[in-house]
Amino acid sequence: MTAGRYVGKAWDQCFFPRLSKLEVAELAKHDALIVLPIAAIEQHGPHMPIYTDTLISETLLTEAFEQLPDDANIWMLPVMPYGKSTEHLGHPGTISLSATTLMAVVMDIAKSLHRSAFTKLVLVNTHGGNTDLLNMMARDIRIETGMAVFRLDPGGLGSADAWITAKEKQVGIHAGDVETSVVIAAKSNWVHMELAPIEIPHFPESRFLQFRNRAFAWVMDDLSVTGISGDASAATVEKGQAMIHQYGLDIAAGLMDIYHFDMQSIQDRG
């Protein structure tokens, strides 16, 4: 994996840690955008690697950076492989940071970037359990450092919708068709498709108990026996390849919108 992991524009040209301190000092800071990917190491059912969320982040960002203009001043930090995965604790292999630890780490990274005079940061998240915390942290970093801070969750872009059923779109939130397809396209020998399960939770139909609106607290054992939610057996390499390409296009478009955005443009200064 290592030989292929650091191939492509994301790694050869835009990987922030490959720069020396002199090269970092010489970077134009006024418009530079730093991408901090945050993922997880946690159970993804009997068929998928616990590295799934991190592998997906690396794969999608590798594709996205191929779509960026060569003159875009956008730089990628290494993916943070540990996130807040407390909903999966008790399942073998899950490694979770507490909310306070993850908050402190993200803030320390942001402060370090600020000390190097960077002014724009985007938190790119590929684990649903991080979402609420990172939304809060983006504002805290904005207040603490004055940086312009943005959020981008590829899972919320709808990039894979054309290849999945309406039911899977509703319930396939963890290790189902989308994640399994992407991972077998990225690293097929890490997936055991003969073990891929189907498990469809019965989410409430009440408009007051909408699952995706986080109307009630849950852990994975509330939803599933196998540790997944969705139809993993429907996954294919071909779908995964198409999804990766579309995710790459959509993430690149999002990064470019963020790159060109000026926070001061919001106010009516006329």
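This one's a predicted model, so the numbers in the text were calculated from it and none came from an experiment. Hydrogens, waters and symmetry mates play no part in the numbers below; they use all other heavy atoms, side chains included.
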Distance-only, no hydrogens or angles: does the [X] side chain make a donor-acceptor pair with backbone N or O of [Y] under 3.5 Å?
X      : Y      : value
Thr131 : Gly128 : yes
Ser85  : His88  : no
Asn130 : Ala39  : yes
Thr52  : Met48  : no
Gln210 : Ser206 : yes
Arg142 : Met147 : yes
His44  : Ile228 : no

Any salt bridge (Lys or Arg N to Asp or Glu O under 4.0 Å) pairs touching residues 27-44, not counting sequence neighbours?
none
Any salt bridge (Lys or Arg N to Asp or Glu O under 4.0 Å) pairs touching residues 229-242, not counting sequence neighbours?
Asp177-Lys239
Show me the pairs that pass ring-ring contact (aromatic ring centres under 6.0 Å, His included) and involve residues 52-82, at least two apart or across chains.
none
Rounded to the nearest 0.5 Å, what separates atom [atom1] in [X] from atom [atom2] in [Y]?
X      : Y      : atom1 : atom2 : result
Asp12  : Lys9   : CG    : NZ    : 11.0 Å
Ile41  : Thr54  : CD1   : OG1   : 5.0 Å
Lys120 : Met263 : NZ    : CE    : 8.5 Å
Ile109 : His114 : CD1   : NE2   : 15.5 Å
His192 : Thr180 : NE2   : OG1   : 12.0 Å
Leu61  : Glu63  : CG    : CD    : 10.5 Å

Contacts of Glu66 meeting salt bridge (charged side-chain N to carboxylate O under 4.0 Å, His left out) (sequence neighbours excluded), chain-then-number -> none
Salt bridge (charged side-chain N to carboxylate O under 4.0 Å, His left out) partners for Asp153, two or more places apart:
Arg151
Do Asp250 and Ser159 have a side chain donor and acceptor closer than 3.5 Å?
yes
Give the ring-plane orientation class for Phe261 versus Phe150, where under 30° counts as parallel, over 60° as perpendicular and anything between as tilted.
perpendicular
Check the angle between the aromatic planes of Phe16 and Phe118 and answer parallel, tilted or perpendicular using the 30° and 60° thresholds.
perpendicular
Please name the pair of heavy atoms, one in [X] and one in [Y], separated by the smallest distance, quoted to 0.1 Å.
X      : Y      : value
Ile74  : Leu255 : CD1-O, 4.2 Å
Gln43  : Pro92  : CB-O, 4.2 Å
Ser229 : Met220 : N-CE, 3.9 Å
Pro17  : Pro78  : CG-CD, 3.4 Å
Pro37  : Ser57  : CB-OG, 3.5 Å

When you compare the side chain of Val79 with that of Ile38, does any pair of heavy atoms fall below 4.5 Å?
no
Between Trp190 and Leu55, is any pair of side-chain heavy atoms under 4.5 Å apart?
yes
Checking Thr62 against Trp11 for the side chain to side chain donor-acceptor pair (under 3.5 Å) test, could you report, in this order, the C-alpha distance in whole Å, the side-chain angles of both residues, the deciding distance, and whether it holds?
CA-CA 8 Å; Thr62 297; Trp11 310 99; 3.0 Å; yes
Contacts of type side-chain hydrogen bond (donor to acceptor under 3.5 Å, both in side chains), residue Thr226, not counting sequence neighbours
Glu199, Ser224
Quick check on Glu205: does its CD atom have over 12 non-hydrogen neighbours (other residues, nucleotides or ligands) under 6.0 Å away?
no
Around atom CZ of Arg214, are there more than 12 heavy atoms from other residues, nucleotides or ligands closer than 6.0 Å?
yes
Assess the residue pair His30 and Asn73 against the criterion (side chain to side chain donor-acceptor pair (under 3.5 Å)); give the C-alpha distance rounded to whole Å, side-chain angles, the decisive distance to 0.1 Å, and a yes or no.
CA-CA 10 Å; His30 69 283; Asn73 194 11; over 6 Å; no
Result of checking Leu77, Leu36, Thr145 against Leu113 for side chain to side chain contact (heavy atoms under 4.5 Å, CB included)
Leu77
